[in-house]
2 protein chains.
Amino acid sequence: MQAAEAAGMIAAALARRNVVVIVATCTVEYDGRARSRLGEGDRVIIVKSDGTVLVHRPYGSLPVNYQPEGSAVSVRAEGDTLVITAVRPRPSERLTIRVRRIAHLVVAELRDDAEFELWGSEDELRDAIARNPELLLGERLKPVEVEAKLGRVGFADLLMVDEAGNYVVVEVKREEAGVDAVFQLKRYVGYVQRALGGRVRGILAAPSITRRALALLSKEGLEFRRIDPKAAVKAKSGLLGFIGGDEEQSGA
Amino acid sequence: MQAAEAAGMIAAALARRNVVVIVATCTVEYDGRARSRLGEGDRVIIVKSDGTVLVHRPYGSLPVNYQPEGSAVSVRAEGDTLVITAVRPRPSERLTIRVRRIAHLVVAELRDDAEFELWGSEDELRDAIARNPELLLGERLKPVEVEAKLGRVGFADLLMVDEAGNYVVVEVKREEAGVDAVFQLKRYVGYVQRALGGRVRGILAAPSITRRALALLSKEGLEFRRIDPKAAVKAKSGLLGFIGGDEEQSGA
DNA sequence: GCGTGTATATCGCCG
DNA sequence: CGGCGATGTACACGC
């Protein structure tokens with residue numbers, strides 16, 4: 001296929017808000033936040049009508065080069081070469097794809113209004129703990145605030161009060177907690193101590209914790225509570241079940 | 001196209017280590033670290049021979065669902081439906097794509113041995129500073145260690161010694177530094193002070209710094225040095241130029 | 001494989 | 001739009 005003809009097809013497709021998929025031999029250059037150059041090779045190129053451009057090599061899950069949503073995409077022929085450029089102003093960056101040979105050119109109008117549902121995020125885990133601290137933390141705690149702003153230090157996932165009346169800062173991690181999570185919790189506990197006074201406890205709630213993080217946690221007088229994310233989701237489903245939440249299949 | 005026929009083509013293509021691109025109406029389910037469900041809609045599906053699977057909606061730069069390199073991909077027909085599953089053991093997770101209608105099916109053998117070159121990463125910036133601290137930090141510093149392991153606290157980008165003989169911890173950010181970078185630097189300086197004693201300085205080297213981070217930095221007695229990433233890259237090119245580095249075009 | 005940190009991270013939320 | 005934290009983050013490197 002002639003480069004000029006391809007350029008016309010692609011421009012028209014994008015104008016109709018269609019998606020373009022190209023399998024082609026190309027080179028790629030990027031200049032912006034950093035700078036990169038990729039020599040000639042065969043790749044899959046996706047251009048979406050929202051300005052997203054992706055260049056995929058035959059291996060790896062991440063695109064080797066890309067330009068996110070909102071880029072201005074233009075297509076032109078330079079002799080036998082098809083040149084696709086995607087530019088965005090802030091941050092100022094430019095992606096240039098030079099296509100020598102097109103193996104496949106697919107234009108498609110995609111209709112996709114389906115909702116994407118995700119369970120098991122950190123937000124869900126946090127809310128589940130707030131609703132049922134006894135089940136998930138093994139202790140009767142009274143929620144004071146979710147995403148409590150702690151001055152310039154940051155946000156505590158949960159601020160609660162224990163049965164003795166002490167403030168308890170809870171830092172939730174959806175996956176294994178590392179040293180960073182401990183430092184984060186330490187900062188928050190320190191802030192609450194200075195701001196509200198009295199004894200302040202810190203709980204790190206996560207499915208697991210690295211050895212180093214646990215050692216550091218103990219040294220700092222902070223506590224770890226093992227959380228099962230599945231249990232948390234179930235706890236939520238259980239609650240919602242009574243007020244009309246969707247029934248979840250519990251299959252293996 | 002019949003689902004069974006498509007399944008055969010795809011399986012054969014993957015066996016030949018080809019890449020498969022499908023534009024299709026499908027539903028997607030994921031179960032693993034979290035759990036997700038995506039109703040019926042039109043998407044672009046990429047299956048690479050290394051086990052990478054990507055599902056792209058018509059908008060957005062990230063795949064709505066995916067499975068990274070190393071997944072076991074299997075394809076089968078269930079009546080009129082083509083079912084693609086990608087499973088990996090650790091972490092245990094499974095992606096299931098159910099294809100109702102195939103608009104395009106592309107199989108391609110991609111040859112791509114080109115090198116990907118990237119300039120302006122944080123590693124490059126760090127090494128450039130280590131090689132030329134006077135030019136980039138405006139001060140005569142002697143490098144002691146790159147990526148210096150600081151016990152359980154983490155790694156300092158650079159550990160150096162100033163002309164007065166004080167240790168200097170340098171934290172490098174290739175973009176604007178936020179409060180987190182300051183806390184990180186504070187931790188490192190504290191550790192070096194305890195471990196090696198004496199006065200220990202901390203320098204945050206970045207193109208810019210947020211207002212909050214600067215306030216915190218000053219309060220902690222730490223220092224900020226503005227770094228121009230382009231200058232750092234140039235410093236490197238300059239050095240390499242003499243020993244045979246590639247000539248870079250300086251076009252606008 | 002675990003632990004740690006970067007990324008042209010991207011994305012969403014909130015002031 | 002800046003600032004900040006989460007992500008099914010993925011990925012590379014060191015131990």
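Bear in mind the structure is a predicted one, so any value in this text is a computation, not a measurement. Chain identifiers are assigned alphabetically (A, B, ...) following the order of the sequence lines, protein sequences preceding nucleic acid strands; residue numbering begins at 1 within each chain. Basis for what follows: all heavy atoms, side chains included, without hydrogens, waters or symmetry-related copies.
- For B:P133 against B:R131, the heavy-atom pair with the smallest separation is CD-C, 3.5 Å.
- Proximity of residues 37-59 of chain B to DNA chain C (heavy atom under 4.0 angstrom from any strand atom) is not detected for any residue.
- Separating the CD atom of B:E69 from the C1' atom of D:dA10 is a distance of 10 Å, rounded to the nearest angstrom.
- Going from atom CG of A:N65 over to atom C1' of D:dA10 covers 16 Å, rounded to whole Å.
- Sequence order on DNA chain D of the closest nucleotides to A:F116 and B:G178 puts B:G178 first from the 5' end.
- With sequence neighbours excluded, the residues forming a salt bridge (Lys or Arg N to Asp or Glu O under 4.0 Å) with B:R201 are B:E139, B:D162, B:E223, listed by chain and number.
- Atom-to-atom distance recorded for B:N65:CG and B:R57:CZ is 9.0 Å, nearest 0.5 angstrom.
- Side chains of B:T52 and B:D50: a donor on one and an acceptor on the other come within 3.5 Å.
- The residue among B:R212 and B:S36 whose nearest nucleotide of DNA chain D is located toward the 5' end is B:R212.
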Going by atom type alone, with no hydrogens or angles, which donor-acceptor pairs under 3.5 Å involve a side-chain atom of residues 202-209 of chain A and a protein atom two or more places apart or on another chain?
unit_1	atom_1	unit_2	atom_2	d
A:S208	OG	A:E176	OE2	3.1

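- Applying the side-chain contact (heavy atoms from CB on, under 4.5 Å) rule to A:R111 yields the partners A:E109, B:D42; only residues at least two apart in sequence or on another chain are considered.
- When each of A:E93 and A:E176 is assigned the nucleotide of DNA chain C with its nearest heavy atom, A:E176 is the one assigned upstream, toward the 5' end.
- Positionally, the nearest nucleotide of DNA chain C for A:V64 lies more toward the 5' end than for the other of B:G60 and A:V64.
- A salt bridge is absent between B:E69 and B:K48; no separation between the charged side-chain nitrogens and carboxylate oxygens falls under 4.0 Å.
- The footprint of chain A on DNA chain C, defined by a heavy-atom cutoff below 4.0 Å, extends from C:dG3 to C:dT10.
- Taking both residues in full, the closest heavy atoms of A:E115 and B:L38 are given as O-CD1, 3.7 Å, listed atom of the first, atom of the second, then distance.
- A salt bridge is defined here as a Lys NZ or Arg NE, NH1 or NH2 lying under 4.0 Å from an Asp or Glu carboxylate O, and A:E147 with A:R126 meets this definition.
- B:E175 comes within contact range of the sugar-phosphate backbone alone, with a heavy-atom separation under 4.0 Å but no base atom that close.
- With both ends at atom P, the span from D:dG8 to D:dC4 equals 23 Å, rounded to whole Å.
- Atom NZ of A:K149 and atom P of D:dC4 are 9 Å apart (whole Å).
- Put simply, the residue from B:E93, B:Q67, B:R35 that forms a side-chain hydrogen bond (donor to acceptor under 3.5 Å, both in side chains) with B:Y30 is B:E93.
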Are any protein N/O atoms closer than 3.5 Å to N/O atoms in nucleotides 5-7 of chain D? If there are, list each pair with its distance.
unit_1	atom_1	unit_2	atom_2	d
D:dA6	OP1	A:E122	OE2	3.1
D:dT7	OP1	A:E122	N	2.7

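- Judged purely by atom type and a 3.5 angstrom limit, B:R43 has no side-chain atom pairing as donor or acceptor with the backbone of B:V55.
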